[in-house]
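What follows is one structure encoded as structure tokens, with my remarks underneath.
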Amino acid sequence: MPSNDVRTLLQAAVPTAVAGAVAVAISAGVAGGKGALGAVVATIVVILFMGIGLMVLQRTARSLPHLFQAMGLMLYTAQLLLLFIFVAAFKNTTLFNPKAFAITLVATTVVWIGAQARAHMKAKILYVEPESDAGDKPENKGPRT
């Protein structure tokens, strides 16, 4: 994974983990141990789903750049649908507090999207390929017509 991708991943994952830790503390205070467990599970789910999605999107951008925008839209739609399915699947669970789970899921998702958008805006990514060394060879230089 190129360093730019790792930097973007870290710039999105770290704020999400911090928001998840805050949600765990709040959920523990409001709903006890089950609330804290729900917040931990939600934070892990968001970091995994969004991290995997970011890696897939970066790979698509390198290999199929003409599909990048469509892939991004499809990927984010699929991620939100999967998160909705998780909320629906664990709606009546007794393993952890479902309200703490759902609220943390939404909050950490919003934090991830905001942090990822900020990381992309601050990234210095070339949008034009620099000239290669082949263009500097004497046999490649000649009169321009």
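Along the sequence shown, residues are numbered consecutively beginning with 1.
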What I'd like to find out is whether the side chain of Met50 reaches to under 4.5 Å of the side chain of Thr16, using heavy atoms alone. no
CD (Gln69) and CG (Leu73) are apart, to the nearest 0.5 Å, by 5.5 Å
Assigning hydrophobic clusters by single linkage (Ile, Leu, Val, Met, Phe, Trp, Tyr; side-chain heavy-atom cutoff under 4.5 Å), is Val106 placed with Phe84? no
The reported gap from CZ in Arg7 to CD in Gln11 (rounded to nearest 0.5 angstrom) is 7.0 Å
Would the distance check show the side chain of Gln79 and the main-chain N or O of Phe49 forming a donor-acceptor pair, the cut-off being under 3.5 Å? yes
Rounded distance [0.5 Å steps], CG in Leu83 versus CG in Leu105: 5.0 Å
Quick check: is Ile44 connected to Leu10 through a chain of hydrophobic side chains (ILVMFWY, heavy atoms under 4.5 Å apart)? no
Cluster question for you: counting only ILVMFWY and a side-chain heavy-atom cut-off of under 4.5 Å, with indirect links fine, are Leu48 and Val24 together? yes
When clusters are formed by joining ILVMFWY residues with side-chain heavy atoms under 4.5 Å apart, either directly or through shared neighbours, do Val18 and Val111 land in the same one? no
Atom pair OG1/CD1 of Thr108 and Ile103 - distance to nearest 0.5 Å: 11.5 Å
Step by step, would you call Ser27 with Thr104 a side chain to side chain contact (heavy atoms under 4.5 Å, CB included)? CA-CA 9 Å; Ser27 297; Thr104 303; 4.1 Å; yes
Could you list the donor-acceptor pairs under 3.5 angstrom formed between side-chain atoms of residues 32-40 and any protein atom two or more places apart in sequence or on another chain?
residue	atom	partner	partner atom	Å
Lys34	NZ	Thr94	O	2.7

Can you list everything that forms a ring-ring contact (aromatic ring centres under 6.0 Å, His included) with Phe90? Sequence neighbours excluded, please. Phe86, Phe96, Phe101
Heavy-atom pair with the smallest gap, counting every atom of Ala17 and Thr43: CA-CG2, 4.5 Å
Interatomic distance, CD1@Ile85 vs CG@Leu80, rounded to 0.5 Å, equals 11.0 Å
Any side-chain heavy atom of His120 within less than 4.5 Å of one from Thr8? yes
Interatomic spacing from CD1 in Ile52 to CD1 in Ile47 - rounded to 0.5 Å: 12.0 Å
Check for me, please, whether Val56 and Leu64 land in the same ILVMFWY cluster - side-chain distances under 4.5 Å, paths through other members count. no
